[in-house]
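Keep in mind that the numbers below use all heavy atoms, side chains included, and drop hydrogens, waters and symmetry copies.
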Amino acid sequence: MSQPPGKKGPLVMIHAFKPPLEKDKDMVTRSWDKLKSAILKIFNEEAGELSFEELYRTGYNMVLHKHGDRLYQHVEDLLKERSQELCAKVETETDVTFLDGLKREWQGHKRSLRMVRDILMYMDRTFVKQNTKKPVYDMGVHLFCQHCVRAPGVKSRLITLLLSKIEEERNGNKVDRDLVKNSTQMLMEMGRDVFHDDFEVLFLKSSEEFYRIESENFINANGCPEYLQKVERRLQEEQDRVGACLSVDYNAGEGGIKQVVEHELIGRHMQTLIEKEGSGLVWLLENRKVDDLRRMFDLFSRIHQPPSPGQLSGLDLIENRMAEHVMVKGREIVGSGTDSDGQEAKVDHLKYVTDLLDLKDQYDSLIKDAFKSEKSFINKLHKTFECFINQNPRSPEYISLAMDNHLRGGKSQRTGAGQSEEQVEGMLEKALQMFRFLSEKDVFERYYKQHLAKRLLSDRSQSSDTEQKVIQMLKSECGYQFTAKLEGMFKDINTSKTVQEQYRNHLAQAGSADASTEGSVDLVAKVLTTGYWPTQQTVQCNMPQEIDRVCNVFKRFYLAQHNGRQLTWQVNMGNAEVTAKYDKPYRINMPTYQMVVLLLFADPSSSALKFTDIEEATKIPAPELKRVMQSLACAQYRLLTKDPKSKDVSPTDKFTYNSSFTHKMIKFKVSSIATSKETSEEVQASRNKINEDRNPQIDAAVVRVMKTRRVMEHNLLIAEVTKQLQNRFVPEPLVIKRRLEGLIDREFLQRQKGNMKVYEYLA
């Protein structure tokens, strides 16, 4: 159609009139009859003569002409009838052939559904999607489930036979696993909820009952190792069975078969297994049954949640019981420091530490080999050791003494033989493990400093390199401040060697006035810095004149080199080598006090001296003098004789020169009888001194914390100060409170007005 010139507007197209097509009213009926006939032939397995292209076009036309709803309904009714027919066939099967018959009908039904789905594919793509209905195949599966599998005459028999087959296999009988697998897979294909509601719930319940009865019978008749082996086999069998017979993942989901079996076989009996007399956890630990312990660990680790409220998980039970056992063993070793009468217990310090190390090695090895180096087990073991080691207040002293024995090159506690440098280093590293468990590391530091001083001054250290390695290990463990004084002691020894060489050069100078003074006395002096070395009560004694002269020569020489310093002789820390003539000349190494006493008998007029006479002549304190006289007259080398003869020394005893003394060795050493461990009085004095030394450290920690926080509540301040000091010692809250009061008096702190539990820092 044309438009007049000069006029604009939309064009209108006029089409020729088309009359509506006549509808074939019988088309729907003919089409469905054709499809129904074809579907029935498919059900009867006579599909070979059908034209699927023609059938597809028939279904296509019905949907295209808006008859999809009628087609869908007809198909649904037909599939329902088919399912009911198949149900009737299955119900006639005997128990022997039931599962096979159901499997056969199910497989045939699925094949038929796939063909029907292909014919009605267009309906699935359009009508079903638009109306959110089940696709043909899914609808057929659903109808088979509802009208066949869930029919009263089929469902109960199916579940009963399946559970019966599974129980038969659990009892050791052989069953057709494929048949069971096909049946459970059929249920799963019908829907996870069908599988769960119809089968899995009853399967889990029957499994729970089966394993409850079996586990109770077996645990009552067998020991822990045998039961664990049985459980290990059962769990593997059940996992294999589930994989072969059931259409579920054995390890998937909470509350599944895995959890049921593990709960019944393991969770319900964990406490019983651990406490079982003669075969439980303690017995396994004592007898080092590594394989059984590893098996228990693996099985118990499956129980992550406690079996019931108030109980512990599997690994927590093993961990706690192991810790309790180690605690008992540890307390047997360390004791309490006193015997049954309340007196100080006699302890072999080397055996004490060796037993602790053996116990630690034993359980370190068990945790590594049986418990897979589980970190929580390692931490629990360390806390247990920390607990019982600190129950004996003398543990720091014993550990230091044991280290001292190894550093002196002492014999092995186990073999009784000497040790190589590598063995010594290994033992020292292990001993430092015990040091880490000490809560009072400052006490250990005090004893270690004393023992190190004796080794350095008497040249008894086996290896300087080993000593330095120990210092480095202590430094890495506790920091520079912990070892500063120990390193200073080594520095003094090295400096003393230089001073001694200078002194020798001084004496060797021609015309030196001091050279003739030394005579037969060869003085080797070690100059020590007061702050580095252990504090010793200065006890002066009357030295022999020739020795006193030599000491004064060295003093004049040293002070001339170092103006402004003071020298105080620590006689009780020195030793001497004396040449004494008995049946033949002997070279005897002995402490300085012993030398002073022995030289009294060099005077022929002093043939017999009373204890009181010796005390008066030497000015050595009586307790120390008793030990000196014991070492000279009552020990291995009896250079003097005592009247009356006994092992103890009393003030009325008389001593004479033992002219009949003889020994096969020309050179030997007389050691002091001083006890290797402190007496109770010395321990108390040491404790008081340690407490005094701690006070400034507590004050400094409080000030550091308050300077940062400015305002702090009492309990929080106590906790923070304890945390800062725990690497050296753990202060008592009452002690910290007393130090807080002192700091308030000295105006470092003040209590907050209106709240006495809060402290404020005063700048």
Using 4.0 Å as the upper bound for N to carboxylate O, is an ion pair formed by [Y] and [X]?
{"X": "Glu93", "Y": "Arg157", "result": "no"}
{"X": "Arg177", "Y": "Asp240", "result": "no"}
{"X": "Glu168", "Y": "Lys165", "result": "no"}
{"X": "Asp77", "Y": "Lys80", "result": "no"}
{"X": "Lys89", "Y": "Glu85", "result": "no"}
{"X": "Glu262", "Y": "Lys258", "result": "yes"}
{"X": "Asp198", "Y": "Lys155", "result": "yes"}
{"X": "Glu208", "Y": "Arg268", "result": "no"}
{"X": "Lys36", "Y": "Asp33", "result": "no"}
{"X": "Glu374", "Y": "Lys380", "result": "no"}

With no hydrogens and no angle check, do the side chains of Ser206 and Glu167 hold a donor and an acceptor under 3.5 Å apart?
no
Could you tell me whether Arg170 sits above the aromatic face of Phe210, with NZ or CZ closer than 6.0 angstrom to the six-membered ring centre and within 45 degrees of the axis?
yes
Is the CD atom of Glu209 crowded by more than 12 outside heavy atoms at less than 6.0 Å?
no
Would you sort out whether Ser313 and Asp316 count as a side chain to side chain donor-acceptor pair (under 3.5 Å), showing the intermediate values?
CA-CA 5 Å; Ser313 65; Asp316 287 342; 3.0 Å; yes
Begin with the C-alpha distance, continue with both residues' side-chain angles, and end with the deciding distance and a verdict on ring-ring contact (aromatic ring centres under 6.0 Å, His included) for Phe297 and Phe377.
CA-CA 11 Å; Phe297 177 85; Phe377 279 63; 5.7 Å; yes
